[in-house]
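Below: the structure, in structure tokens.
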Amino acid sequence: MKKILIIDDDREICLLLRKYLTKKGFETHEALSGKEAEKWLKKQEVDLILCDFKLPDYNGLEMLEKIKIIRPAAKVIIITGYSDVRIAVEALKKGAFEYVTKPLYPDEIMLTITNALETEHKQAAPVPKKPSRPEVSKTDFISGKSLSAQKVNKHIELIAPTDMSVIILGETGTGKEYVARAIHQKSARSGAPFIAVDCGALPKDLAGSELFGHVKGAFTGALRDKKGCFELANEGTLFLDEIGNLSYENQIKLLRVLQERKVKPLGGSQERKVDVRIIVATNEDLKTVVRKGEFREDIYHRLNEFKIELSPLRERKEDIEVFALHFLKLANEQLRKNVESIDKRALKILENYTWHGNLRELKNVIKRAVLLCDGPALSKEHLPEEIIFPVEDDQPDFEILIDGEAPPSLKAVTEAAEKTAIINALKRTNNNKSKTAEVLQVDRKTLYNKLKAYNLS
């Protein structure tokens, strides 16, 4: 029987989750604070943890770090409100399996838990030394139709047949791992393993062992020899996500592997040859990190043989329909539904929203909408209220007037239209200046100047 720990200071939510999960055959336990959960975890094994982001003593990121130290193998699902989406995405980067948003839907919670535990099962399976060509899902990578998406696709086709190292840049949720997998699948190494490692989620005291392996007795708890990710990816591709989070000590070891193509397990005396292609990703400017002295310049230059930059979703709105329909298909398969399309009004809402979580956030919104939809098409009613701003179809027709009369010049027309656009954007974002600037596609300084000029500040 799988064991689940629920961490939430809301007793009612704890009770509802406990009753529901117990009926589903899980052994459940509750903690009303981070400290209570920490104390329980030190004494008990657990398979999965449902953790509310806002606890009375810790926030979700702090709790996640403590869980990964005490029970690194446990899957963690963060529970959050939509106002916390950007922080929840940060939690994913730090090792959470997934996040779910309130209000909680039983089917969605159950699906996420099932996926997490299935992933755990797959990771526990032994990795063959010489795997046959892996099954490649046709939905692993999908290209948009924007110019930036076409450029990325062209770069993938160009770099894949080579053995050059690649740095993939982009915000969280832009699909960096999908691009890395696409490069691997189109390369001569596609029949060998693709191993993905989130450097940001590696506990500092175990990072060396995970990357380079260890021998029996290397440290307390090392009961047997273990191969690191470099050896597991031998003859294939190793994808290091959030490479900037590697400790300085492990950066030195990584440099040696890049130079010598050999690894030395922790506690071992013998080096082992490895033939691995390295692809790394980061959501920060590595050059800046290098200048700060937090990342070795020699490693940066060895990795930077080719660079691919992924644009955020808000900068390529013409791709939103492509990805929304793709995620619709995936959600239908996962939820066993048959939603055929997204109506025009809902699609326009999706295109108008600023996706802070990028593709990952869009995927979650579509999955939730499919769960709620009982008809053939997703509509506005199936979308969360937090992403619904008034769109053109919701606005009344109007004629631009100045002092009740038609404007006398083109400049006056332009200024009137600009002022109207700013007012509408402010209403759509509840006077949030940062979001208003994003909607209008201007920087904040420009927006503030316009607000002052039109007496709107």
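Quick caveat, the model's predicted, so the values are computed rather than measured. What's counted below: heavy atoms across the whole structure, side chains too, no hydrogens, waters or symmetry copies. Throughout, numbering of the chain's residues begins at 1 and tracks the sequence.
Summarising the geometry of Asp343 relative to Lys380, their closest heavy-atom pair is OD2-N, 4.4 Å, with the distance given to 0.1 Å. For the pair Glu62 and Asp57, the tightest heavy-atom approach, listed with the atom from each and the gap, is OE1-O, 4.4 Å. Considering every non-hydrogen atom in both Ala74 and Ile49, the closest pair reads CB-CD1, 4.2 Å. Nearest heavy-atom pair across Leu48 and Ile77 is CD1-CD1, 3.9 Å. Residues Leu303 and Phe295 share a closest heavy-atom pair of CD1-CZ, 4.4 Å. When all heavy atoms are compared, the tightest approach of Gly357 to Glu361 is N-OE1, 2.7 Å.
Counting heavy-atom neighbours within 6.0 Å of Lys24 NZ, excluding the residue itself, gives a total of 12 or less. Surrounding NZ of Lys363 are at most 12 heavy atoms belonging to other residues, nucleotides or ligands under 6.0 Å away. Around the NZ atom of Lys337, the shell of radius 6.0 Å holds more than 12 heavy atoms that belong to other residues, nucleotides or ligands. Counting non-hydrogen atoms of other residues, nucleotides and ligands closer than 6.0 Å to CD of Glu297 gives a total of 12 or fewer. Enclosure of atom CD in Glu157 by more than 12 non-hydrogen atoms of other residues, nucleotides or ligands within 6.0 angstrom is indicated.
A donor-acceptor contact shorter than 3.5 Å links the side chain of Arg277 to the backbone of Thr162. When atom types are taken as modelled, the side chain of Ser190 and the backbone of Lys186 share no donor-acceptor pair closer than 3.5 angstrom. The backbone N or O of Leu55 lies less than 3.5 Å from no partner atom in the side chain of Asp52, so there is not a single donor-acceptor pair.
Annotation: cation-pi geometry not satisfied between Lys287 and Tyr300 (NZ/CZ under 6.0 angstrom from ring centroid, within 45° of ring axis).
The shortest distance between side-chain heavy atoms of Ile388 and Asn352 does not fall below 4.5 Å. Annotation: side chain of Leu21 is in contact with side chain of Ile113 (closest heavy-atom distance under 4.5 Å). The side-chain heavy atoms of Phe97 and Ile78, taken from C-beta on, include no pair separated by under 4.5 Å. Counting heavy atoms from C-beta on, the side chains of Arg296 and Ile252 come closer than 4.5 Å.
Between the side chains of Ser247 and Glu249, no donor-acceptor pair of N or O atoms lies under 3.5 Å. Checked by atom type, the side-chain pair Glu294/Tyr248 shows no donor-acceptor distance below 3.5 Å. Judged by distance alone, the side chains of Thr174 and Asn358 never bring a donor and an acceptor atom under 3.5 Å apart.
Residues passing the ring-ring contact (aromatic ring centres under 6.0 Å, His included) test with Phe194 are His184, sequence neighbours excluded. Under the ring-ring contact (aromatic ring centres under 6.0 Å, His included) criterion, Phe230 pairs with Phe212, sequence neighbours left out. The side chain to side chain contact (heavy atoms under 4.5 Å, CB included) check on Val197 picks up Ile195, Leu202, Leu211, Cys229, Leu238, Leu240, with sequence neighbours excluded.
Results of the salt bridge (Lys or Arg N to Asp or Glu O under 4.0 Å) test with Glu210 over Lys253, Lys227, Lys226 single out Lys226 as the only residue that passes.
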Stepwise salt bridge (charged side-chain N to carboxylate O under 4.0 Å, His left out) check, Glu231 with Arg272: CA-CA 8 Å; Glu231 285 190 87; Arg272 302 170 185 175; 2.9 Å; yes
